[in-house]
Q: 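Below you will find the structure I want to go over with you.
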Amino acid sequence: MSKFSTRLIRWHKTNGRKDLPWQKKRTPYKVWISEIMLQQTQVSTATPYFKRFIKEFPNVKKLAETNLDHVLSHWSGLGYYARARNIYEAAKIISSKHKGKVPNSLEELISLPGIGKSTAGAILALGYKKKAAILDGNVKRVLARHRKIEGELSLPSTTKNLWQISEKLLPNDQIDVYTQSIMDLGATVCTKSNPTCEHCPVNQDCLALTQGLVETLPTKSKSKPKPIKKVFWLIPQGPEGDLLLEKRNKKGLWGGLWSFIESEEKEALEDEFHSRFKTKYLNLKRLNKVKHNFSHYKLEAIPYLAELKTQKKYKNSVWVNPKNVESLGLPTPIKRTIEQITTS
DNA sequence: CAATCGTGGAA
DNA sequence: TTTCCAAGATT
């Protein structure tokens, strides 16, 4: 039986994915952008975002020369917006300290914001064909099954163990093909549910398959119930129908994106309104409740449209035509609420 | 170490 | 309908 890596590389020639948008004219820059977009994100979701992003920011220089709002507008709807903030900050660092060239060492890559050990490994292996290990969700699942690693995935000890295995399996040649192959195997064969082990190139010595543990590995920790957060949104509307959005703090949820005035108490929201606008709204219209699931809590928002006689300028705020918000970085529930307004 | 940080699709 | 989780990093 040939080596694990040899079998994977061979399997990739006929079964691997080779036409993903970031695989065409592959460059370290494209590998970097795609790896960030694909963090905790499925290929089908990231694909249209990647195409748009590369078209707008074809290289590090273009990215470094723009502004954060512009970057966020191209990330709107993709989630985990710290990734966009970090990508922009990293681009400026690469531009100023690395002459616009994506670094090719593990230490330099990891020192950049948003790039951890796995993403750095992917950039090295796929972008520079340098021997480096990755450990994403796919690889964790493949290795946990193949080597029968029964510890909970969330435990640092398990992660450490899997890193060692991942590094030990690396081939000396065709590291780029191998890296792509093990990800493809996890994505298409060694899937979390209904894996097709009969098509697996390393099924001969897979301990999970031999011992009937494929369905139970990797071991996942039981998740806690998500709390529900209830908020009210206030949406000032000018006489022409424009809406007032305000920029959220750079840190935290939806950092740097445009959102509505928010409070957990409706009274506090009205107080906020009076202190800021020094006027009474003509009408207060309750819109449909908005439900949204985050990774760590559930949000229920009740939006109120507050019609104003005039629209003045306010700090960190912008009046926008609700039919023309494409250029703004908007969280998905905010975008949906605006659509609710335009179609009502 | 545990919590935080989005979203859409699959089951 | 609800739960789970997908090419993780940061604090």
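These numbers come from the heavy atoms of this one structure, side chains and all, not from hydrogens, waters or symmetry mates. Lettering follows sequence order; numbering is per chain, from 1.
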Q: Select one nucleotide: of B:dA11, B:dA3, B:dG6, the one nearest the side-chain heavy atoms of A:Trp254.
A: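 Nearest listed nucleotide: B:dG6.
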Q: Should the side chain of A:Thr41 and the base of B:dG6 be counted as holding a donor-acceptor pair, with the cut-off at 3.5 Å?
A: yes
Q: So that I know where these two stand, are A:His146 and A:Phe4 an aromatic pair - ring centroids less than 6.0 Å apart?
A: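 A:His146 vs A:Phe4: aromatic centres under 6.0 Å.
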Q: Pick base, sugar-phosphate or nothing for A:Gly252, based on heavy-atom distances below 4.0 Å to the nucleic acid.
A: sugar-phosphate
Q: Here's one to test your reading of the geometry: is the NZ or CZ of A:Lys313 within 45 degrees of the ring axis of A:Trp319 and under 6.0 Å from its centre?
A: no
Q: Looking across every strand, which nucleic acid part, if any, lies under 4.0 Å from A:Ser223 by heavy atom: base, sugar-phosphate, or nothing?
A: sugar-phosphate
Q: Toward the 5' end of DNA chain B, which comes first, A:Leu330 or A:Lys192, by nearest nucleotide?
A: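 With A:Leu330 and A:Lys192 compared, the 5'-side residue is A:Leu330.
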Q: Looking across every strand, which nucleic acid part, if any, lies under 4.0 Å from A:Ser34 by heavy atom: base, sugar-phosphate, or nothing?
A: nothing
Q: Could you tell me the separation between the CD atom of A:Glu35 and the C1' atom of C:dG8, rounded to a whole number of Å?
A: 10 Å
Q: Determine the interatomic distance between P on B:dG6 and the same-named atom on C:dT11; round to the nearest Å.
A: 14 Å
Q: Mapping A:Arg83 and A:Phe294 to their closest nucleotides on DNA chain C, which lands nearer the 5' end?
A: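 It is A:Phe294, whose closest nucleotide lies nearer the 5' terminus.
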Q: Taking only the side-chain heavy atoms of A:Arg336 (C-beta and beyond), determine which of B:dG8, C:dG8, C:dC4 contains the nearest atom.
A: B:dG8
Q: What is the distance, to the nearest angstrom, from the NZ atom on A:Lys250 to the C1' atom on B:dC5?
A: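 These atoms are roughly 17 Å apart.
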Q: Need one value for A:Pro225: base, sugar-phosphate or nothing, where a base atom within 4.0 Å counts as base even if backbone is also close, heavy atoms only.
A: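 Nothing, no nucleic acid heavy atom in range.
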Q: Would you kindly confirm whether A:Leu269 and A:Ile334 end up in one hydrophobic cluster when ILVMFWY residues are joined by side chain heavy atoms under 4.5 Å apart?
A: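 Different clusters: A:Leu269 never reaches A:Ile334 through Ile, Leu, Val, Met, Phe, Trp or Tyr contacts under 4.5 Å.
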Q: Rounding to a whole Å, what distance do you find between A:Ile110:CD1 and C:dT11:C1'?
A: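 Checked: the CD1 to C1' distance equals 17 Å.
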Q: Name the residue closer to the 5' end of DNA chain B, choosing between A:Lys224 and A:Gln40 according to the nucleotide with the nearest heavy atom.
A: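 Whichever sits nearer the 5' end wins; that is A:Lys224.
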Q: Just call it for A:Leu112: base, sugar-phosphate, or nothing, with non-hydrogen atoms closer than 4.0 Å on any strand.
A: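 Touches sugar-phosphate only.
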Q: Taking any heavy-atom pair under 4.0 Å as a contact, classify A:Gly77: base, sugar-phosphate, or nothing.
A: sugar-phosphate
Q: When you check the gap from the basic side-chain N to the acidic O, do A:Glu307 and A:Lys285 get nearer than 4.0 Å?
A: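 The answer is no: the pair does not qualify as a salt bridge.
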Q: Between A:Glu35 and A:Arg83, is there a salt bridge with N-O shorter than 4.0 Å?
A: no
Q: Between A:Ile165 and A:Leu207, is there shared hydrophobic-cluster membership here, with clusters defined by ILVMFWY side-chain heavy atoms closer than 4.5 Å?
A: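 No.
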Q: So what does A:Val139 touch, heavy atoms closer than 4.0 Å: a base, only the sugar-phosphate, or nothing?
A: nothing
Q: Once you apply a heavy-atom cut-off of 4.0 Å, does A:Arg17 come out as touching a base, just sugar-phosphate, or nothing?
A: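 Answer is base: heavy atoms of A:Arg17 come under 4.0 Å of a base.
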Q: Atom CG of A:Leu38 and atom P of B:dT7: how far apart are they, to the nearest Å?
A: 17 Å
Q: Counting any heavy atom closer than 4.0 Å, what does A:Trp22 reach on the DNA or RNA strands: base, sugar-phosphate only, or nothing?
A: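 Base contact.
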Q: Applying a 4.0 Å non-hydrogen cut-off, can you work out what A:Lys222 is touching in the nucleic acid: base, sugar-phosphate, or nothing?
A: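 Nothing, no heavy atom under 4.0 Å.
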Q: Counting just side-chain N and O atoms, does A:Lys298 come under 4.0 Å of either OP1 or OP2 of C:dT3?
A: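 Looking at the OP1 and OP2 atoms of C:dT3, one of them is under 4.0 Å from a side-chain N or O of A:Lys298.
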Q: Is any side-chain N or O of A:His296 closer than 4.0 Å to OP1 or OP2 of B:dA3?
A: no
Q: Write down the distance between OH (A:Tyr80) and P (C:dC5), rounded to a whole number of angstrom.
A: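 So the two atoms are 13 Å apart, to the nearest Å.
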Q: Apply side chain to side chain contact (heavy atoms under 4.5 Å, CB included) to residues A:Asp176 and A:Tyr128 and explain how you reach the verdict.
A: CA-CA 8 Å; A:Asp176 53 335; A:Tyr128 289 109; over 6 Å; no
Q: Is A:Ile115 touching bases, backbone alone, or none of the nucleic acid, heavy atoms closer than 4.0 Å?
A: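 Sugar-phosphate, backbone atoms only, no base.
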Q: Checking all strands, does A:Thr332 fall into the base, sugar-phosphate, or nothing category for heavy-atom contacts under 4.0 angstrom?
A: sugar-phosphate
Q: Find the distance A:Leu257:CG to B:dG6:C1' and express it as a whole number of Å.
A: 10 Å
Q: What's the closest nucleotide to the A:His292 side chain, out of C:dA6, B:dG6, B:dA11?
A: B:dG6
